Amino acid sequence: MEKINLFIDLDNKNRFISKYNKKTLNRELKEYILNELVGYSTKDKLNITINIDYEISGEEQSEYIRILRKEFRENYTDLKEDIDILYRKSIILILIGVILLVIGFSFLDHNDSLLAEISNIGGWLLIWESGYALIYTLADKEKEARRYKQIVDSNIKFNKLK
């Protein structure tokens, strides 16, 4: 397991927090953090060093760390809920697809081949789309969730520049 060192240079407090809500992380900083981690494994340990050239109290440092972790923890929680919903929907669609296939194959024995074909096509379509969602969409969302978790669990420290 490798260690990732991410350095953030802030020249004033307004670059860390949102200008619209003092309890929220600045959107540009959030995007910067995520973009800097592209290409690194989500299994690696992350160290974030925030370089500042202004005075900041220990209480403010703790608050900034709390804001950063809160932002990514909320994203992680939301994404895990989305993953759970997508997983459940995919399983339900697979079951419906299997039911349609069973219906379609049971009508093949009768003379109603149009209903059998429509049922078979619908069944395979549902299974295909659900399989795609489970394999590709869920994998991407899981990786994104692991990235958020990596940031939440990171070691964050401040470094005062002279």
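Just so it is clear, the structure is predicted and the values come from calculations on it, not from any experiment. Count residues from 1 along the sequence.
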[X] and [Y]: which non-hydrogen atoms are nearest, and at how many Å?
| X | Y | answer |
| --- | --- | --- |
| Gly104 | Ala116 | O-CB, 3.3 Å |
| Leu10 | Tyr54 | O-CE2, 3.7 Å |
| Gln150 | Asp44 | NE2-O, 2.7 Å |
| Glu55 | Glu60 | O-OE1, 4.5 Å |
| Ser41 | Ile4 | O-CD1, 3.9 Å |
| Ser130 | Leu93 | OG-CB, 3.0 Å |

Crowding at [atom1], [X] (>12 non-hydrogen neighbours, <6.0 Å):
| X | atom1 | answer |
| --- | --- | --- |
| Phe158 | CZ | yes |
| Lys45 | NZ | yes |
| Arg27 | CZ | no |

Please evaluate residues Tyr32 and Asn26 with respect to the criterion side chain to side chain contact (heavy atoms under 4.5 Å, CB included), reporting the C-alpha separation (whole Å), side-chain torsions for both, the decisive distance (0.1 Å), and the verdict. CA-CA 10 Å; Tyr32 170 77; Asn26 185 325; over 6 Å; no

Please walk me through it: do Lys43 and Glu2 pass salt bridge (charged side-chain N to carboxylate O under 4.0 Å, His left out)? CA-CA 8 Å; Lys43 296 176 184 174; Glu2 207 176 298; over 6 Å; no

From [atom1] ([X]) to [atom2] ([Y]), nearest 0.5 Å:
| X | Y | atom1 | atom2 | value |
| --- | --- | --- | --- | --- |
| Leu79 | Thr77 | CG | OG1 | 9.5 Å |
| Ile127 | Ile96 | CD1 | CD1 | 11.0 Å |
| Asn5 | Thr49 | CG | OG1 | 6.5 Å |
| Leu46 | Leu37 | CG | CG | 5.5 Å |
| Asn75 | Asp78 | CG | CG | 6.5 Å |
| Asp53 | Lys160 | CG | NZ | 6.5 Å |

Find out if a path of hydrophobic residues (ILVMFWY) with successive side-chain heavy-atom gaps under 4.5 Å connects [X] to [Y].
| X | Y | answer |
| --- | --- | --- |
| Ile92 | Tyr87 | no |
| Leu34 | Tyr40 | yes |
| Leu126 | Ile103 | no |
| Leu115 | Ile99 | yes |
| Trp128 | Val98 | no |

Is [Y] paired with [X] through a side-chain N to carboxylate O contact shorter than 4.0 Å?
| X | Y | value |
| --- | --- | --- |
| Lys70 | Glu74 | yes |
| Lys149 | Asp153 | yes |
| Lys19 | Glu28 | no |

Closer than 3.5 angstrom, by distance alone: can the side chain of Asn35 be matched with the main-chain N or O of Glu31 as a donor-acceptor pair?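 Confirmed, Asn35 side chain pairs with Glu31 backbone.
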
Give a yes or no answer on whether the side chain of Arg69 reaches the backbone of Val152 with a donor-acceptor pair at less than 3.5 Å.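 Answer holds: yes.
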
Evaluate the criterion side chain to side chain contact (heavy atoms under 4.5 Å, CB included) for residue pair Thr137 and Lys141; output intermediate values, then yes/no. CA-CA 6 Å; Thr137 307; Lys141 287 186 179 288; 4.1 Å; yes

Lys157 vs Ile50 side-chain heavy atoms within contact, under 4.5 Å: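 Side chain of Lys157 against side chain of Ile50, heavy atoms only: no contact under 4.5 Å found.
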
Within the 4.5 Å heavy-atom criterion, are Ile8 and Ile33 side-chain neighbours or not?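 Ile8 vs Ile33: side chains touch.
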
Show your reasoning for whether side chain to side chain contact (heavy atoms under 4.5 Å, CB included) applies to Ile94 and Leu134. CA-CA 10 Å; Ile94 287 173; Leu134 285 173; 3.7 Å; yes

Using salt bridge (charged side-chain N to carboxylate O under 4.0 Å, His left out), reason through Lys80 and Glu142 one step at a time and then give a plain yes or no. CA-CA 8 Å; Lys80 287 304 259 184; Glu142 283 287 350; 3.3 Å; yes

For Tyr148 and Glu144, does a side-chain donor sit closer than 3.5 Å to a side-chain acceptor?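 Note: Tyr148 and Glu144 side chains meet the donor-acceptor criterion.
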
Tell me, with the steps shown, if Phe105 and Leu100 meet side chain to side chain contact (heavy atoms under 4.5 Å, CB included). CA-CA 9 Å; Phe105 285 124; Leu100 285 174; over 6 Å; no

